[in-house]
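Input: a single structure, listed below in structure tokens.
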Amino acid sequence: MSKKIDYKNELNPAQLKAVESTKGAYLVIAGAGSGKTRVLVHRVAYLVEQGVSPDEILLLTFTRRASEEMLKRASLLLDERCSRVSGGTFHSFANATLRKYAKVLGLANKFSILDQSDAEDTINLIRTQLGLNKSEKRFPRKRAILEVISKSINKSESLEDVLYDEYPQFMEFSDEIKKIRDDYHKYKRLKSLLDYDDLLVYLKELLVNHEEVRLVLSKKYKYIMVDEYQDTNKLQAYITCLLASEHKNIMVVGDDAQSIYSFRGANFRNIMDFPRLFKGAEIITLEENYRSTQPILNLTNEVIAQAKEKFEKNLYTKKNGNQQPIFIDCPDENSQSRYIADKVLELREEGIDLKDIAILFRSGWHSNDLEVELAHRNIPFAKYGGQKFVEAAHIKDIISYLRIIHNTADEVSWLRALLLIPGIGPKSAERIIAEISNPENSPFSLSNSAKNKVEVVKLLELLKEIDIVEQGPSKIIETFLEYYQPLLKHKYDDFHKRINDLDSLLRIASRYKSLEQFLTDMALEPPERSIVEAGLRDKDDSLLTLSTIHSAKGLEWHSVFMIYVAEGHLPSYLSLEDEDAIEEERRLFYVAATRAKENLFLLKPHIDRSPRSFMGSGGSVFTQISRFLDQGKIMDKLVQIDLADEDYDLDEGEVKYVAGDKGSSDKEFLEMMKDYFRDREDY
């Protein structure tokens, strides 16, 4: 029996407005810490309670975990009907849709998904086949080539523009890179392989070129919600608009002040231009903050008020607390590190757990000196970033076996699996793959001509025995682990250190019944090594967090230290001649500062002895305070401490905007949308 939710008492007025606004287009500008997740959860429950079928609601988020958590909370709020709402990432939605409509696009519905490492290997295979690995001049490596191709897709820019802006040293190879891109596309089509970008590209193609499918999907999903809309790229925004093109019942939630991922294709213009695209869209602004104290908000409000383009908002809170943010001018980098270590230990003595404290920075190398200091003081910490769990070589080895079982045409996985066998090199492997792939031969069969046939046949016999219908992913992995153990010992000198990872893979696989779903999730939502290892640590362990600002978005801590708040660091020296880049750096500062709940410390070394760039040498230079603090009356919002002075003592609602009318017909809207996304010049 469903429960009646008292929305009015559970939500503030602006949140309630967003929840009860269901018909038409809405842009919810959700300031940092303003409860946007609460809005989405309650809106799902509200729609279901109003009689909307859960199957007609689509909730798109940027991580699967986010959508699962929201739908779980909505179910607890109302009832289990909310768990039937369609939720997931753009990529997972694209994957599910393409598997259903693959034949419309001439794709096999049993396609495999290439993760980044597999895509790089495929690029390298094509690069080698074209003889470009033997170029007399320095030809770009596989990772750079894939990045150029991927950025061209995600930024909706020409390949030449991406090369000019980000890889000018490779401009002379633009024709060769185009050839690799084209052959890469053909190869994937031939072998039923899709990379991450293909999922979005093919979904857009499906919606644009096959109106009958677009109409079916638009009729099915009558209410669309998108979280973190400021992080969408142009492709994702276009897909969103196409899905909502018939009914226009769409709510996108985000914060223009937290748009910080342009380096991976996120487009600031998507959220700014939403009211222009959906004429008559209503803007609802969430301004009440539930995270930070007012002194912290006074600082962040003033910083973002200097932005060139923005939706107006002024965050406020009813939370108690009057500790002003503190700016510390440090003599040099090491004194910055020592101050942080001292203060962290002091906070710990006051009862603040290490896990409730974070040190944030613009670039990974900014924390090098600090890491040494923390290790010297025996202060345990975790630094976020680095290699993904599934990118570890031994994990990829096992995954390659599973992918062969799922898609026998996956030559990238065949190559990896065969090269694990002692005595087999690339040329032998290619001959074996050609024979195995020959449609005239029986599946997993081999002639007497194969080199090291005994070991190859052993693998083929094992593959024949696997029954993906009867055996779940964990059982299949157990079978392969027995075969793989001697290969693991042969290939890796530190094989004993890798066993825990393989055990973790088994534990993860045990949660799945479907091999296809397991492989899809491992490609689209790979667990990070730090998360897997966290499960092996004692639950009482408490670690200090060191993180780049990009990795910290969406998180919060009791106390936050921002280091290197200086020109050339934040903002980065790479952005100093680009006004749009400077504006994104301002938003980075805003994101970092709004992670703090009670204490915010901003530190700047007066003399910097850090490396200036990977090309340059070390040395001492004077640093200037970040321009984001050196504007207006921002410094008045801070307690200022100069560590060169030995006498210092530390103990001393709702806004809406209506744009135009709702007069366009569906056909006019589609044509206008096509023109907008085709002609928009974002950079």
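We're numbering straight along the sequence, starting at 1. These numbers were taken from a predicted model, which means no experiment stands behind them.
- Annotation: Glu68, atom CD; neighbour count of heavy atoms from other residues, nucleotides and ligands within 6.0 Å is above 12.
- Here Tyr238 pairs with Phe677 under the ring pair (Phe, Tyr, Trp, His ring centres under 6.0 Å) rule; sequence neighbours left out.
- Put simply, the side chain of Asn301 gets close to the backbone of Leu297: a donor and an acceptor are under 3.5 Å apart.
- Contact check for Ser363 versus Tyr564: no side-chain heavy atoms found under the 4.5 Å cut-off.
- Arg43 has no carboxylate O lying under 4.0 Å from a charged side-chain N of Glu20, or vice versa, which leaves the two without a salt bridge.
- Judged by distance alone, with hydrogens and angles left aside, the side-chain atoms of Glu80 form no donor-acceptor pair with the main-chain N or O of Ser75 at under 3.5 Å.
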Q) Do Asn599 and Ser559 pass the side-chain hydrogen bond (donor to acceptor under 3.5 Å, both in side chains) test, and can you show the C-alpha distance, the side-chain angles, and the key distance before you say yes or no? A) CA-CA 5 Å; Asn599 297 322; Ser559 299; 3.0 Å; yes
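- For Asp255, the side chain to side chain donor-acceptor pair (under 3.5 Å) partners are Gln258, Lys313, not counting sequence neighbours.
- Partners of Lys310 by side-chain contact (heavy atoms from CB on, under 4.5 Å), not counting sequence neighbours, listed by chain and number: Asp256, Ala307, Glu312.
- A distance of 7.0 Å separates CG of Leu206 from CG of Leu217, quoted to the nearest 0.5 Å.
- Using a 4.5 Å cut-off on side-chain heavy atoms (C-beta onward), Thr61 and Met70 make contact.
- Tyr290 and Lys597 share no donor-acceptor pair across their side chains, judged by distance under 3.5 Å alone.
- Between Asn270 and Thr232, the side chains place a donor N or O and an acceptor N or O closer than 3.5 Å (distance only, hydrogens not considered).
- No side-chain donor from either of Thr317 and Asn289 sits under 3.5 Å from a side-chain acceptor of the other.
- Going from atom CG of Asp79 over to atom CD of Glu49 covers 8.5 Å, rounded to the nearest 0.5 Å.
- Between the side chain of Ser21 and the backbone N or O of Ala18 there is no donor-acceptor pair closer than 3.5 Å.
- When atom types are taken as modelled, the side chain of Asp273 and the backbone of Arg276 share no donor-acceptor pair closer than 3.5 angstrom.
- Comment: Glu302 does not engage Lys633 in a salt bridge, judged by the lack of any side-chain N to carboxylate O separation of less than 4.0 angstrom.
- Scanning for salt bridge (Lys or Arg N to Asp or Glu O under 4.0 Å) contacts around Arg595 gives an empty result, with sequence neighbours left out.
- The shortest non-hydrogen separation linking Ser547 to Ala552 is OG-N, 3.6 Å.
- The main-chain N or O of Glu556 is never found under 3.5 Å from a side-chain atom of Arg291 such that the two would form a donor-acceptor pair.
- Side chains of Leu27 and Ile284 form no contact here, defined as non-hydrogen atoms less than 4.5 Å apart.
- With contacts defined as side-chain heavy-atom distances shorter than 4.5 Å, the pair Thr293/Asn322 does not qualify.
- Expressed to the nearest 0.5 Å, how far NZ of Lys553 lies from CZ of Phe62 amounts to 8.5 Å.
- Rounded to the nearest 0.5 Å, atoms OG1 (Thr89) and CG (Asp227) are 12.5 Å apart.
- In this structure a side-chain-to-backbone donor-acceptor pair under 3.5 Å is present from Lys248 to Ser245.
- Atoms OH and CD, from Tyr223 and Gln50 in turn, are 9.5 Å apart once rounded to the nearest 0.5 Å.
- Relative ring orientation between His366 and His569 is described as tilted, the plane-to-plane angle lying within the 30° to 60° band.
- Ion pairing between a basic and an acidic side chain is recognised when a charged N comes within 4.0 Å of a carboxylate O; Lys308 and Glu583 show no such pairing.
- In this structure, a donor-acceptor pair under 3.5 Å is present between the side chains of His42 and Glu10.
- For Glu585, the salt bridge (Lys or Arg N to Asp or Glu O under 4.0 Å) test picks out Arg362, with sequence neighbours left out.
- For the pair Ser575 (side chain) and Ser572 (backbone), a donor-acceptor distance under 3.5 Å is present.
- A donor-acceptor contact shorter than 3.5 Å is absent between the side chain of Asp356 and the backbone of Ile352.
- The two residues Gln230 and Val253 make their nearest non-hydrogen contact at OE1-O, 4.4 Å.
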**Q.** Worked verdict on Lys383 versus Ser367 for side-chain hydrogen bond (donor to acceptor under 3.5 Å, both in side chains)
**A.** CA-CA 9 Å; Lys383 184 174 180 179; Ser367 69; 3.1 Å; yes
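- In terms of heavy atoms, Leu600 sits closest to Ala593 at CD2-CB, 3.9 Å.
- Listed by first and then second residue, the side-chain hydrogen bond (donor to acceptor under 3.5 Å, both in side chains) pairs involving residues 51-60 are Glu56-Lys222 (not counting sequence neighbours).
- Salt-bridge formation is detected for the pair Lys17/Glu282: a Lys NZ or Arg NE/NH1/NH2 atom is positioned less than 4.0 Å from an Asp or Glu carboxylate oxygen.
- Remark: Tyr221 engages Phe93 in a ring pair (Phe, Tyr, Trp, His ring centres under 6.0 Å) (not counting sequence neighbours).
- Legend: salt bridge (Lys or Arg N to Asp or Glu O under 4.0 Å) pairs involving residues 200-209, not counting sequence neighbours: none detected.
- In plain terms, the two heavy atoms of Leu78 and Ala45 that are nearest each other are CD2-O, 3.5 Å.
- The backbone N or O of Lys637 lies less than 3.5 Å from a partner atom in the side chain of Gln324, making a donor-acceptor pair.
- Side chain to side chain, Asn154 and Asn233 meet the donor-acceptor criterion of an N or O pair below 3.5 Å.
- Residues satisfying the salt bridge (Lys or Arg N to Asp or Glu O under 4.0 Å) test with Glu69, not counting sequence neighbours, are none.
- With sequence neighbours excluded, the residues satisfying ring pair (Phe, Tyr, Trp, His ring centres under 6.0 Å) with His550 are Tyr261, Phe263.
- Ion pairing between Glu246 and Arg214 holds under the 4.0 Å rule for side-chain N and carboxylate O.
- Donor-acceptor pairing under 3.5 Å is lacking for the side chains of Tyr196 and Asn95.
- No donor-acceptor pair under 3.5 Å is formed between the side chain of Asn9 and the backbone N or O of Asp6.
- Lys343 NZ to Phe561 CZ: the interatomic distance, rounded to the nearest 0.5 Å, is 7.0 Å.
- Of all non-hydrogen atoms in Ala74 and Val44, the two that sit nearest each other are CB-CG1, 3.9 Å.
- In this structure, Glu579 places its CD atom where only 12 or fewer heavy-atom neighbours from other residues, nucleotides or ligands lie under 6.0 Å away.
- Between the side chains of Lys355 and Thr545, no donor N or O sits under 3.5 Å from an acceptor N or O.
- Checked against salt bridge (Lys or Arg N to Asp or Glu O under 4.0 Å), Arg38 has no partners two or more places apart in sequence or in another chain.
- When the options Ile328, Leu299, Ile326 are evaluated for a side chain to side chain contact (heavy atoms under 4.5 Å, CB included) with Leu638, the one that passes is Leu299.
- Neither side chain, Glu157 nor Ser152, offers a donor N or O lying under 3.5 Å from an acceptor on the other.
- Considering only residues two or more places apart in sequence or on other chains, Tyr7 meets the ring pair (Phe, Tyr, Trp, His ring centres under 6.0 Å) condition with Tyr46.
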